[in-house]
Participant: 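Have a look at this one before I ask anything.
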Amino acid sequence: MSMTRYIFITGGVVSSLGKGITSAALGALLQARGYSVRLRKLDPYLNVDPGTMSPRQHGEVFVTDDGAETDLDLGHYERFTGVSARQSDNITTGRIYSRIIEKERRGDYLGATIQVIPHVTNEIKEFVLSDPGDEVDFILCEIGGTVGDIEGLPFFEAIRQLGQELGREQACFIHLTLLPYIPAAGEMKTKPTQHSVKELRSIGIQPHVLLCRCDRPIPETEKAKIASFCNVRSSSVIEARDVGHIYDVPVAYHEEGLDTEVLEHFGLSSEDKPDLSRWNQIAETVHNPDGEVCIGLVGKYVDVPDAYKSVSEALVHGGLAHNVKVRVRLIDSEAFDDDAAPLDVLEGVNGIILPGGFGERGAYGKMRASRFARERAVPCFGICYGMQLAVVEAARNLAGICEATTSEFGSSEDLVVGLMSEWTKGNEKVVRNATTDLGGTMRLGAYPAVLREGSKVAEIYGGLEISERHRHRYEVNSKYIELLEENGVIFSGLSPDGRLPEIFELKDHPWFVGVQFHPELKSRPFSPHPLFSSFIQAALEQSRLV
């Protein structure tokens with residue numbers, strides 16, 4: 001049985017340096033050398049998970065097959081490595097403390113005084129070492145935040161202890177820092193990196209590899225200075241220069257020697273070159289596309305692009321499938337909640353995507369965008385909340401149900417969309433009950449669906465049985481299916497028992513599909529999701545008609 005090695009990725013100086021992309025890219029490089037990997041994220045915030053956090057605070061919530069609501073970095077991990085994340089791959093301070101308090105209340109600690117050391121650190125270490133998978137060669141653990149954050153100290157202490165217990169042959173510390181260039185001085189400054197490493201060493205962690213973010217080449221003299229002051233080899237100071245696209249990162253890091261340095265740290269051979277052909281091919285497509293399409297993303301959190309990270313990436317993947325660049329135009333749905341507001345911003349887009357969300361603000365704007373796409377024959381893709389609002393719009397303006405709405409907005413005689421509990425009573429097997437303090441139930445994780453033979457989506461998927469990831473409380477009310485289908489709507493995907501509408505499409509429209517699930521969560525650059533690939537193809541055809 002192979003020995004599992006652990007790589008801990010930390011960050012300093014400032015946040016948002018790209019620890020998630022770094023972890024994902026290193027995982028991809030190790031895979032390219034024939035090793036198996038798992039990636040994990042340790043988040044120091046006190047929320048139990050990001051499920052109740054505003055997208056404006058935290059970006060999107062990434063959902064795993066087994067129903068965990070996790071940090072968006074797990075999406076990067078999956079997209080770069082193709083390894084599906086699990087509940088056991090993301091932990092927060094909130095969840096750690098919840099477990100400890102639950103054990104203390106049960107009396108598991110036999111009356112001991114509960115302290116950060118050893119109880120909190122032991123819980124963190126147990127998480128890091130748990131459930132590694134079958135003969136995984138490397139587990140990469142990213143620690144959120146920056147060194148010196150108060151809430152992160154228990155995590156740094158835990159990995160410090162693990163470094164001692166596992167030894168150099170099983171543990172490696174990579175520290176990501178910033179090398180700013182000061183134009184007025186005409187110099188690249190190493191002091192922020194030196195101070196960050198000093199802070200890390202003061203809590204007992206000596207980094208083995210320094211990954212230095214910069215916007216220009218690092219002079220050899222500066223590398224030598226960093227190596228000297230930070231107590232690492234010069235070869236361990238890796239230049240992480242800005243690149244044109246995130247999918248350029250694996251090749252760029254390899255060329256700077258990151259994977260070589262990591263393997264040499266563990267005493268593993270680095271003579272054989274990694275197979276980076278597919279990354280080079282993606283880079284070629286990204287930088288030299290055959291054309292371009294413009295997609296209008298109509299959402300309510302467009303001021304925070306990370307709120308739609310997986311959707312944006314899945315659109316890129318759809319473009320890769322057809323060798324075209326996808327330009328995403330972020331459009332605030334709230335801007336045309338008012339009927340008087342013009343829809344000029346939608347003119348000229350080759351496709352419209354209506355992503356997920358919650359709440360009434362901006363909802364009518366999404367419905368107006370849906371109607372625009374329906375009436376103007378513009379390819380349209382509704383996801384989760386976007387699908388529900390597209391159904392409401394069709395109910396009002398195609399089926400003549402004037403009061404059609406969703407119970408998310410309040411009561412009505414015609415609740416075309418409502419809480420799952422309203423449509424699933426007596427059918428508990430349909431829903432994985434994940435009751436939250438916000439009330440209701442949330443359908444989380446992977447669920448199967450059955451597609452209608454001869455439908456557009458059956459053709460797109462190339463089969464009749466699918467499994468997709470969900471994250472929602474509301475469902476389309478199945479009692480309206482017959483009336484809607486009499487008026488140009490096709491419910492082409494249902495739950496296996498036929499009670500929950502999963503997919504709808506419009507007759508006599510070049511491409512209008514709404515899905516209750518989140519297909520973007522399963523899209524990869526090497527295997528674009530079929531719905532996104534088909535959507536971009538339809539948008540490409542639309543662009544040729546304009």
Participant: Listed by chain and number, what are the side chain to side chain contact (heavy atoms under 4.5 Å, CB included) partners of I114, not counting sequence neighbours?
Facilitator: I100, E104, Y109, H119

Participant: For the residue pair K41 and L74, establish whether any side-chain heavy-atom pair is separated by less than 4.5 Å.
Facilitator: yes

Participant: Would you check if the side chain of Y6 reaches a backbone N or O of G163 as a donor-acceptor pair within less than 3.5 Å?
Facilitator: no

Participant: L531 versus V515: any side-chain heavy-atom pair under 4.5 Å?
Facilitator: yes

Participant: What distance separates Q170 CD from M3 CE, expressed to the nearest 0.5 Å?
Facilitator: 5.0 Å

Participant: Looking at every non-hydrogen atom in both residues, tell me the closest pair between P501 and V476 and how far apart they are.
Facilitator: CD-O, 3.3 Å

Participant: Grab the two heavy atoms, one from L521 and one from R469, that are nearest each other, plus how far apart they are.
Facilitator: O-NH1, 3.6 Å

Participant: State whether the number of non-hydrogen atoms from other residues, nucleotides or ligands found under 6.0 Å of R106 atom CZ is greater than 12.
Facilitator: yes

Participant: Are the side chains of L42 and C141 in touch, meaning some heavy atoms are under 4.5 Å apart?
Facilitator: yes

Participant: Can you check whether V417's main-chain N or O pairs, donor with acceptor, with Q388's side chain at less than 3.5 Å?
Facilitator: no

Participant: Is there a side-chain contact between I117 and Q161 in this structure, where contact means two heavy atoms from C-beta onward sitting under 4.5 Å apart?
Facilitator: yes

Participant: Who passes salt bridge (Lys or Arg N to Asp or Glu O under 4.0 Å) against K225, sequence neighbours left out?
Facilitator: E222

Participant: When you look at CZ of F229, are more than 12 heavy atoms from neighbouring residues, nucleotides or ligands closer to it than 6.0 Å?
Facilitator: no

Participant: Please report the closest heavy-atom contact between L211 and Y253, naming both atoms and the distance.
Facilitator: CD2-CE2, 3.8 Å

Participant: Do F517 and M387 come within less than 4.5 Å of each other through their side chains, counting heavy atoms only?
Facilitator: no

Participant: Are the side chain of K223 and the backbone N or O of E239 linked by a donor-acceptor pair below 3.5 Å?
Facilitator: no

Participant: Measure the acute angle between the ring planes of H245 and Y247, then classify it against the limits of 30° and 60° as parallel, tilted or perpendicular.
Facilitator: tilted

Participant: Just by modelled atom types, is the L46 backbone N or O under 3.5 Å from a matching donor or acceptor in the T93 side chain?
Facilitator: no

Participant: Do V13 and R213 come close enough that some side-chain heavy atom pair is under 4.5 Å?
Facilitator: no

Participant: Mark yes or no for whether Y385, through its side chain, and G359, through its backbone, hold a donor-acceptor pair below 3.5 Å.
Facilitator: yes

Participant: Determine, for E334 against R361, whether the closest basic-nitrogen to carboxylate-oxygen distance falls under 4.0 angstrom.
Facilitator: yes

Participant: Quick check: does any side chain N or O of T121 sit under 3.5 Å from a backbone N or O of P154, one acting as donor and the other as acceptor?
Facilitator: no

Participant: Verify side-chain contact (heavy atoms from CB on, under 4.5 Å) between L263 and R33, making sure each step is shown before the conclusion.
Facilitator: CA-CA 10 Å; L263 291 177; R33 289 181 175 273; 3.3 Å; yes

Participant: As an exercise, state the distance from CZ of R473 to CD of E475, rounded to the nearest 0.5 Å.
Facilitator: 12.5 Å

Participant: With a cut-off of 6.0 Å (strictly less than), are more than 12 heavy atoms of other residues, nucleotides or ligands near CD of Q115?
Facilitator: yes

Participant: Test Q206 against N231 for side-chain contact (heavy atoms from CB on, under 4.5 Å), laying out the working first.
Facilitator: CA-CA 8 Å; Q206 168 63 53; N231 197 33; 3.4 Å; yes

Participant: Where is the tightest heavy-atom contact between F62 and L72, given as atom of each residue plus distance?
Facilitator: CB-CA, 4.2 Å

Participant: Return the orientation label for the H208 and H265 ring planes: parallel under 30°, perpendicular over 60°, tilted otherwise.
Facilitator: tilted

Participant: Indicate yes or no for a side-chain donor-acceptor contact from D149 to the backbone of E151 under 3.5 Å, with no hydrogens or angles considered.
Facilitator: no

Participant: If you look at every heavy atom in T4 and V136, which pair is closest and at what distance?
Facilitator: OG1-O, 2.8 Å

Participant: Can I get a per-line list of side-chain donor-acceptor pairs under 3.5 Å for residues 171-180, giving both atom names and the distance, sequence neighbours left out?
Facilitator:
| from | atom 1 | to | atom 2 | distance (Å) |
| --- | --- | --- | --- | --- |
| H175 | ND1 | T10 | OG1 | 2.7 |
| H175 | NE2 | S196 | OG | 2.7 |
| T177 | OG1 | T193 | OG1 | 2.7 |

Participant: Quick check against the 3.5 Å criterion: does R160 have a side-chain atom that pairs as donor or acceptor with the backbone of G204?
Facilitator: no

Participant: Short question: side chain of D137, backbone of S36 - any donor-acceptor pair under 3.5 Å?
Facilitator: yes

Participant: Any donor-acceptor pair under 3.5 Å linking the side chain of S23 with the backbone of K19?
Facilitator: yes

Participant: Would R233 and E261 pass as an ion pair if we require N to O under 4.0 Å?
Facilitator: yes

Participant: Less than 4.5 Å apart, any side-chain heavy atom of V128 and any of F8?
Facilitator: yes

Participant: Looking at every heavy atom in both D131 and R86, which two are closest together, and how far apart are they?
Facilitator: OD2-NH2, 3.1 Å

Participant: Report the relative orientation of the aromatic rings in H470 and Y447; use parallel for angles under 30°, tilted for 30 to 60°, perpendicular for over 60°.
Facilitator: perpendicular

Participant: We want to know whether S130 and E126 form a side-chain donor-acceptor pair, criterion being a heavy-atom distance below 3.5 angstrom.
Facilitator: no

Participant: Got a second to check how far T405's OG1 is from L415's CG, nearest 0.5 Å?
Facilitator: 7.0 Å

Participant: Pick out which of E78, R79, H518, E520 makes a side chain to side chain donor-acceptor pair (under 3.5 Å) with S310.
Facilitator: R79

Participant: Just wondering, more than 12 heavy atoms not from E465 lying within 6.0 Å of its CD?
Facilitator: no

Participant: Would you verify whether the NZ or CZ of R40 falls within 45 degrees of the ring axis of F127 while also being under 6.0 Å from that six-membered ring's centre?
Facilitator: yes

Participant: Indicate yes or no: at least one non-hydrogen side-chain atom of D43 is less than 4.5 angstrom from one of F155.
Facilitator: no

Participant: Walk me through whether E142 and Y77 qualify under side-chain hydrogen bond (donor to acceptor under 3.5 Å, both in side chains).
Facilitator: CA-CA 11 Å; E142 175 196 346; Y77 303 165; 2.4 Å; yes

